[in-house]
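Note on naming: letters A, B, ... go to the chains in the order of the sequence lines (proteins, then strands), and numbering restarts at 1 for each one. Everything numeric here is computed off the predicted structure, so don't read it as measured data.
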There are 2 protein chains.
Amino acid sequence: MSVSVKRGRPPGMMDVARLAGVSHQTVSRVLNEHKNVSEQTRLKVRAAIAELGYRPDRAARALVTGTSQVIGVVAQNSSLFGPASMLNAFEEAAQAVGFAVNVSSVRSLDQRSIAEAVDRHLDQRVAGIVMIAPVASAGPALEHLPADVPLVTIDGDPERSSTLVTVDQEAGARAATQRLLDAGHRTVWHISGPSDWFDAAGRVRGWEQTLTDSGVEIPPLLTGDWSAASGYRNGQLLARLPDVTAVFTANDHIALGLLRALNEHGRRVPDDVSIIGFDDVPEAAYFTPPLTTVRPDFAAVATASLELLMEQVSGAAEVGRRRTVAPELIERGSVAPPAV
Amino acid sequence: MSVSVKRGRPPGMMDVARLAGVSHQTVSRVLNEHKNVSEQTRLKVRAAIAELGYRPDRAARALVTGTSQVIGVVAQNSSLFGPASMLNAFEEAAQAVGFAVNVSSVRSLDQRSIAEAVDRHLDQRVAGIVMIAPVASAGPALEHLPADVPLVTIDGDPERSSTLVTVDQEAGARAATQRLLDAGHRTVWHISGPSDWFDAAGRVRGWEQTLTDSGVEIPPLLTGDWSAASGYRNGQLLARLPDVTAVFTANDHIALGLLRALNEHGRRVPDDVSIIGFDDVPEAAYFTPPLTTVRPDFAAVATASLELLMEQVSGAAEVGRRRTVAPELIERGSVAPPAV
DNA sequence: GGCGAAATTGTGAACGCAAACATCCACGGG
DNA sequence: CCCGTGGATGTTTGCGTTCACAATTTCGCC
């Protein structure tokens with residue numbers, strides 16, 4: 001850990017080579033863990049590297065190899081819990097395999113914005129791109145992408161995207177809906193997310209399907225926008241309907257808004273109405289009452305995405321693979337049998 | 001928007017130069033908006049660039065200039081609302097001035113982790129580093145940083161950091177505390193964040209100070225960890241103390257936990273107890289009751305940080321500047337006069 | 001109308017690295 | 001004993017860009 005005194009350019013391969021008494025190419029070989037380097041010289045080089053505090057210049061490497069050790073992520077600029085968690089998890093996974101992550105967030109997921117974000121990444125010669133593209137409008141932007149850049153889409157269009165990793169929204173929704181049915185409720189209402197989100201659509205499908213399978217009446221679908229506000233608005237409606245005893249909401253924040261609306265109308269949870277949310281935001285356990293919810297495994301999605309991306313990067317490119325990770329139902333205090 | 005047919009290397013400056021009938025250097029000049037380029041050739045070059053779909057190779061540029069158009073951000077790998085919002089806001093601001101953002105998140109903000117994250121950024125030859133370093137342990141890591149890399153710290157140590165941007169925690173805390181005092185409460189309790197967070201410390205100072213200034217008794221300080229769980233735990237305690245009528249919590253999630261604890265003990269908010277939170281998370285308006293809280297302006301912090309960083313990057317480096325942005329009290333329904 | 005300065009354009013080198021190719025050496029089989 | 005084989009190392013070249021400097025053109029002015 002000695003400090004180089006000359007405050008000029010940082011040391012380069014040549015400097016290391018000179019100090020170690022070898023050629024710069026040998027240094028390169030040591031760095032890239034090539035075979036055919038004797039243990040002895042490897043050690044010498046390592047020592048020289050340490051002494052000089054040498055660090056390879058990624059830019060130079062990128063220039064000659066034509067690719068960088070950077071992964072570009074296109075994500076929506078939001079603090080929504082799902083996407084934010086996903087981003088965090090992915091960043092950590094990428095870091096573990098020595099890749100840097102370049103985030104290019106985008107205000108809205110329309111085609112133009114996404115294309116621009118992708119362009120920014122292409123300028124940086126990223127090794128691959130991960131698109132967190134949960135909405136339908138994101139699809140077309142992928143079409144015009146050069147075919148030779150590795151790409152993985154998270155929560156994208158099941159119909160279109162080539163390589164795709166998703167949370168199994170349907171399974172989560174089925175688990176939630178079934179749980180409410182099992183508790184004895186005649187049917188289950190649903191407040192969905194925005195209809196152009198695949199996540200939202202999947203949850204709706206799972207809910208509908210479960211109801212159908214049980215031969216139960218399907219109530220009208222209520223639509224929210226992930227926000228607590230939308231849960232509250234829809235809650236104003238539901239609170240007035242005495243036969244509403246069970247609601248599955250597309251996420252926890254909607255559930256929170258619903259909780260408040262029910263509360264204001266004097267309908268108790270879970271005594272009068274049972275609720276199940278989705279996402280398991282950290283504070284869901286401290287809603288009043290604690291919220292039973294569905295927890296997606298963001299870390300699993302992230303590592304799966306990275307795996308698929310790395311396969312493409314390293315050339316063994318089986319494009320078009322899919323990976324799905326199943327969420328888990330977290331039981332807490334917002335579900336009870338219907339009042340008699 | 002024509003597509004280059006040859007699927008070989010992407011076009012370089014030379015290709016553009018050839019097509020435009022000029023030298024590669026002239027192309028470079030056009031790209032960098034140098035003076036002394038005739039309008040005529042500028043147009044020719046622009047046309048050639050468009051026709052070939054040429055895009056400059058940032059890696060090559062970085063190699064020769066020794067710096068990239070990338071800003072490294074070191075942040076904690078968490079979905080905490082504050083840091084996540086900050087990151088988002090900063091990313092957007094950086095993007096607007098043509099810089100890419102490289103995130104190197106870190107599991108915990110200890111010295112070693114931070115040093116590693118910084119190293120990763122140094123490897124990438126980032127133009128500057130932004131450190132979202134809200135805890136005390138992050139300080140020492142900054143010491144060993146090469147002095148010539150532009151650095152801005154967000155929410156860092158007021159005592160130590162050179163260039164610093166922070167939310168004015170004290171002012172926010174004062175506003176909240178004063179508001180409760182003004183409502184007629186005899187004193188105000190506080191559940192703080194972790195004591196090693198500067199944010200938390202600042203809020204404690206503001207709270208204490210306001211109480212002192214009003215010549216009011218200062219209740220014992222309760223310590224939380226930002227989580228709803230910690231709000232709940234402390235709430236178990238507070239709910240049993242009948243003389244507790246006003247609580248200022250270090251963030252909204254703590255307030256949520258507290259809300260539940262009070263609720264379980266039959267103490268109504270705001271009738272029996274008034275509460276003010278901090279952060280204004282999007283769902284705070286839908287707590288039961290809606291939460292009065294303090295809203296920091298993350299976007300303002302982000303743009304201020306970027307400004308300061310850019311000053312350093314462009315050489316006009318007045319290191320050691322400070323910038324503070326004042327938060328705003330958002331009135332909602334969780335404050336009322338004490339019961340008589 | 002010619003001369004110098006300013007504007008414009010071109011030429012060569014260098015940035016730090018990896019790939020391709022060349023070289024050197026030791027060892028073993030015919 | 002010679003040549004072939006393969007491991008270990010060195011040399012050269014080029015990636016796409018900018019910088020320093022050189023060359024050329026343009027223009028104003030006496």
Side-chain angles (χ1 to χ4, degrees), chain A residues 4 6 8-46 48-49 52-70 98 122-127 315, chain B residues 4 6 8-46 48-49 52-70 98 122-127 315:
Chain A
S4 79
K6 37 175 146 186
R9 299 202 163 274
M13 254 187 183
M14 293 297 248
D15 303 308
V16 176
R18 203 169 312 126
L19 181 58
V22 299
S23 78
H24 64 109
Q25 175 61 338
T26 301
V27 177
S28 171
R29 277 192 270 257
V30 171
L31 252 46
N32 298 322
E33 280 163 353
H34 264 255
K35 42 201 157 283
N36 296 355
V37 180
S38 77
E39 192 57 26
Q40 190 184 2
T41 61
R42 190 192 310 278
L43 257 42
K44 273 195 304 189
V45 171
R46 286 256 154 77
I49 289 178
L52 264 61
Y54 163 79
R55 30 191 44 203
D57 187 328
R58 316 270 256 187
R61 168 180 248 242
L63 177 59
V64 59
T65 60
T67 177
S68 64
Q69 296 269 91
V70 176
L122 260 25
D123 281 349
Q124 305 279 350
R125 300 282 193 272
V126 294
Chain B
S4 80
K6 37 175 142 187
R9 298 204 164 273
M13 255 188 182
M14 293 296 247
D15 303 308
V16 175
R18 204 169 310 126
L19 180 59
V22 298
S23 78
H24 63 112
Q25 174 61 344
T26 301
V27 177
S28 170
R29 278 192 268 256
V30 171
L31 252 46
N32 297 321
E33 277 161 357
H34 263 257
K35 41 200 159 281
N36 298 352
V37 180
S38 78
E39 192 57 26
Q40 191 183 359
T41 60
R42 190 192 311 278
L43 257 43
K44 271 194 308 191
V45 171
R46 286 257 154 75
I49 288 178
L52 265 59
Y54 162 80
R55 31 191 43 201
D57 187 327
R58 319 269 268 198
R61 168 181 248 240
L63 176 59
V64 58
T65 60
T67 178
S68 63
Q69 297 269 93
V70 176
L122 259 25
D123 281 349
Q124 304 280 349
R125 300 285 193 272
V126 294

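Comparing B/A60 and B/K35 against DNA chain C, the residue whose closest nucleotide sits nearer the 5' end is B/K35.
With a 4.5 Å cut-off on side-chain heavy atoms, B/T41 and B/V30 do not count as touching. With contacts defined as side-chain heavy-atom distances shorter than 4.5 Å, the pair A/S68/A/Q124 does not qualify.
Distances were taken from every side-chain heavy atom of B/M13 (C-beta onward) to each of C/dA18, D/dT18, D/dA8; the shortest belongs to D/dT18. The listed nucleotides are D/dT17, C/dG10, C/dC17; the one nearest the side chain of B/R61 is D/dT17. Proximity note for B/S38 (side chain, C-beta onward) versus C/dT8, D/dT18, C/dA19: the nearest is C/dT8. Side chain of A/H24, nearest nucleotide from C/dC17, D/dT18, C/dA18: C/dA18. In this structure, of C/dA18, C/dA7, D/dG16, it is D/dG16 that holds the atom nearest to the side chain of B/D57. Distance from the side chain of A/T26 is smallest for D/dT9 among the nucleotides C/dA18, D/dT18, D/dT9. Looking at the side chain of A/V64, the nearest of the listed nucleotides C/dT9, D/dA8, C/dC17 is C/dC17.
Salt bridge status for B/D123 with A/R58: absent, with no side-chain N to carboxylate O gap under 4.0 Å.
In this entry the distance linking CD of B/Q40 with C1' of C/dA7 reads 14 Å, nearest Å. For the pair A/N32 CG and C/dA20 P, the interatomic distance rounds to 13 Å; values are reported in whole Å. We find that NE2 of B/H34 is positioned 15 Å from C1' of C/dG10, with the value rounded to whole Å. One interatomic measurement links the two molecules: CG of A/N36 to C1' of D/dG6, which rounds to 8 Å at whole-angstrom precision. Separating the CD1 atom of A/I49 from the P atom of C/dG16 is a distance of 16 Å, rounded to the nearest angstrom. Straight-line distance from the CG atom of B/L63 to the P atom of C/dA18: 12 Å, rounded to whole Å. Atom-to-atom, CD of B/E33 to P of D/dT18 comes out at 12 Å; the value is rounded to the nearest Å. Going from atom CG of B/L31 over to atom P of D/dG16 covers 15 Å, rounded to whole Å.
Between B/T65 and D/dT17 there is no side-chain N or O to OP1 or OP2 distance below 4.0 Å. Contact annotation: A/S23 side-chain N/O to D/dT9 OP1/OP2 distance is not under 4.0 Å.
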- [ ] Please report the C-alpha distance between A/L43 and A/E39 in whole Å, then the side-chain angles of each, then the deciding distance to 0.1 Å, and finally whether the side chain to side chain contact (heavy atoms under 4.5 Å, CB included) criterion is met.
- [x] CA-CA 6 Å; A/L43 257 42; A/E39 192 57 26; 3.7 Å; yes
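When all heavy atoms of B/L122 and A/R55 are compared, the closest pair comes out as CB-NH1, 3.2 Å. The two residues B/P11 and B/L52 have their closest heavy-atom pair at CG-O, 3.6 Å.
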Do any N or O atoms of the protein come closer than 3.5 Å to N or O atoms of nucleotides 20-28 of chain D, and which pairs are they?
none

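Side-chain atoms of B/D57 come within 3.5 Å of backbone N or O of B/A59 as a donor-acceptor pair.
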